[in-house]
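Below, all heavy atoms of this structure are taken into account, side chains as well, without hydrogens, waters or symmetry copies. Residue numbers begin at 1 in each chain, while the letters A, B, ... track the order of the sequences.
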There are 2 protein chains.
Amino acid sequence: MYVTAPGEFPVPVSLRSRKTKHDENFKVHDLKQDQHLFREGDDAKHIYEIVSGVLRLTRVLENGRRQVIAFGFPGDFVGFPCCGLHHTECDAITPARVVYHRREALEDGAVNPELHAVLLQAALREIRAMQDHFMMLGCKSAREKTASFLSVLAQRTGTKLGAYTEIKLPMSRSDIADFLGLTTETVCRTISQLRSAKVIALEDPHVIVVLKPEALLALAESD
Amino acid sequence: MYVTAPGEFPVPVSLRSRKTKHDENFKVHDLKQDQHLFREGDDAKHIYEIVSGVLRLTRVLENGRRQVIAFGFPGDFVGFPCCGLHHTECDAITPARVVYHRREALEDGAVNPELHAVLLQAALREIRAMQDHFMMLGCKSAREKTASFLSVLAQRTGTKLGAYTEIKLPMSRSDIADFLGLTTETVCRTISQLRSAKVIALEDPHVIVVLKPEALLALAESD
DNA sequence: CGGGACTTTGACACCTCTCAACTCTCGTGG
DNA sequence: CCACGAGAGTTGAGAGGTGTCAAAGTCCCG
């Protein structure tokens, strides 16, 4: 998941079973919290489709600085290989279930044409979503980034509570910070500001209620 | 082109003609400077392979802020579609020549298997390169960004002058700034600092000589 | 020769980072 | 049962990097 334009979220595997029925190597795997799915430099044997739970894709520089490339939510695909290798770390920040798809299904259209098409479209959506995320990292202020992040999360994973929307944040403040190109302190402060402005409320640090969705969206794109 | 790890640059079409000989829709097109190749929202009929010249991929937010997604150099592919549409602007910052590849060649493996594989690998490299660029935008300071940018450009397009390397910068300062998530003024100042430190020299604003490549690389990754 | 776009430099403001302290929760062990 | 420590989150003070605004310089081209 990137902070991307709304309205084009992927369809979980469960909703398009017809498309995957021909995958003879269809295989489900469960991950415990904090368990790794793959690491940077690993041979890429599979592409993974997330059924449930939340994954985290990260890269680290030599000097230790870390970037969270993306969060993987149900319906997302992770692990697109380059030159046969994974180039990010991937681990589960909640218990999670993924479907394995053989890399050959992506790279060779003859193996399983239907699955091939699904994986290819997922890769193209990935490119599009990463372009969206460039706008975040390159153009936006801390407040805009944080508001965008919460706004997208509300639309993608929020649960309605009457006029409000409740967001469960499975990731830590420092995950959010490394995703948005900020520090944990700045993320905390910005969330506190949004709370002071009555745009959101905090049930606890990992459960946020969006009180004014339209105000949140406005802050996400304000000049 | 993103500011990416060195040593894995694409191979220009001219060097792998065998791989494209089966593309029955192989078509060359020339672009004048400042001419558009496609715009955001256009129907994506083709993917483009750059033969010569330099292209610029951009996105703009509602409030006018701009992000340069990538620069396209010879050997790069641009125009990967999502949902059949282009999601960036693309124009030529120098006179350029591109090869058209029909979108179907990417999306349907049966049309031309060899070309399909080439385009697919290009898309996967694109994902990898964008991940690299996230590190730039999210983790690095202005000096590190600028040094990285010049360093990569030197390796990718530089011409050797004895111990030195000359870089031609076809893009404006504001293009560089929008690519790196900075302002033109900051890019200028940072380049001036590098010049003061005798790491680079400026023949003119668009021709830079790298005097100390190892120092430039060190600045690109310094803590 | 003059106008315009681009580049460079300076002064200043302010946003974000850094460093630090405090709180809170939770799990461990005495 | 309580003490203790570890880790995450929050908040504050201060510094510094980068953005903003302004002006001058450079170059190209009409």
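Annotation: the span from B/Arg56 atom CZ to B/Thr94 atom OG1 amounts to 11.0 Å, rounded to 0.5 Å. Here A/Phe80 contributes atom CZ and A/His87 contributes atom NE2; the two are 15.0 Å apart, rounded to the nearest 0.5 Å. Put simply, OG1 on B/Thr157 and CZ on B/Phe73 are 5.0 Å apart, with the number rounded to the nearest 0.5 Å.
Nearest heavy-atom pair across B/Pro205 and B/Leu169 is O-CD1, 4.1 Å. Here the shortest heavy-atom pairing between B/Ala44 and B/Pro81 reads CB-CB, 3.4 Å.
In this structure, B/His206 reaches the C/dT7 phosphate: one of its side-chain N or O atoms is under 4.0 Å from OP1 or OP2.
Below 30°, between 30° and 60°, or above 60°: for A/Phe134 and B/His133 the angle between ring planes is above 60°, a perpendicular geometry.
For the contact set between residues 191-205 of chain B and DNA chain D, defined by any heavy atom under 4.0 Å, there are no members. Contacts with DNA chain D (heavy atom under 4.0 Å) in residues 135-148 of chain B: B/Ser141, B/Ala142, listed by number.
Annotation: B/Tyr100 is in aromatic contact with B/Tyr48 [ring centroid separation under 6.0 Å].
Across C/dA11, C/dT8, C/dC6, the shortest atom-to-atom separation from the side chain of B/Arg189 is found for C/dA11.
Nucleotide C/dT7 holds its C1' atom 7 Å from the CZ atom of B/Arg173, rounded to whole Å. Computed from coordinates, the B/Asp178 CG to C/dC6 P distance equals 12 Å when rounded to whole Å. Atom CD in A/Glu185 sits roughly 8 Å away from atom P in C/dT18 (whole-Å rounding). The interatomic distance linking A/Leu180 (CG) with C/dT16 (C1') rounds to 14 Å, in whole Å. Across the protein-nucleic acid pair, A/Leu182 atom CG and C/dT18 atom P stand 11 Å apart, rounded to whole Å.
Mapping B/Val187 and A/Thr183 onto DNA chain C via the closest heavy atom, the residue that lands nearer the 5' end is B/Val187.
Classification of B/Glu49 and B/Arg97 as a salt-bridged pair fails, no side-chain N sitting under 4.0 Å from a carboxylate O. One finds no salt bridge joining A/Asp91 and A/Lys32 here, because no Lys/Arg side-chain nitrogen approaches an Asp/Glu carboxylate oxygen to under 4.0 Å. A salt bridge does not link A/Asp204 with A/Lys168: none of the charged nitrogens is closer than 4.0 Å to a carboxylate oxygen. Between B/Asp175 and B/Arg66 there is a salt bridge, since a side-chain N of the basic residue sits under 4.0 Å from a carboxylate O of the acidic one.
Nucleotides of DNA chain D that come within less than 4.0 Å of any heavy atom of chain A span, from the 5' end to the 3' end, D/dG9 to D/dA13.
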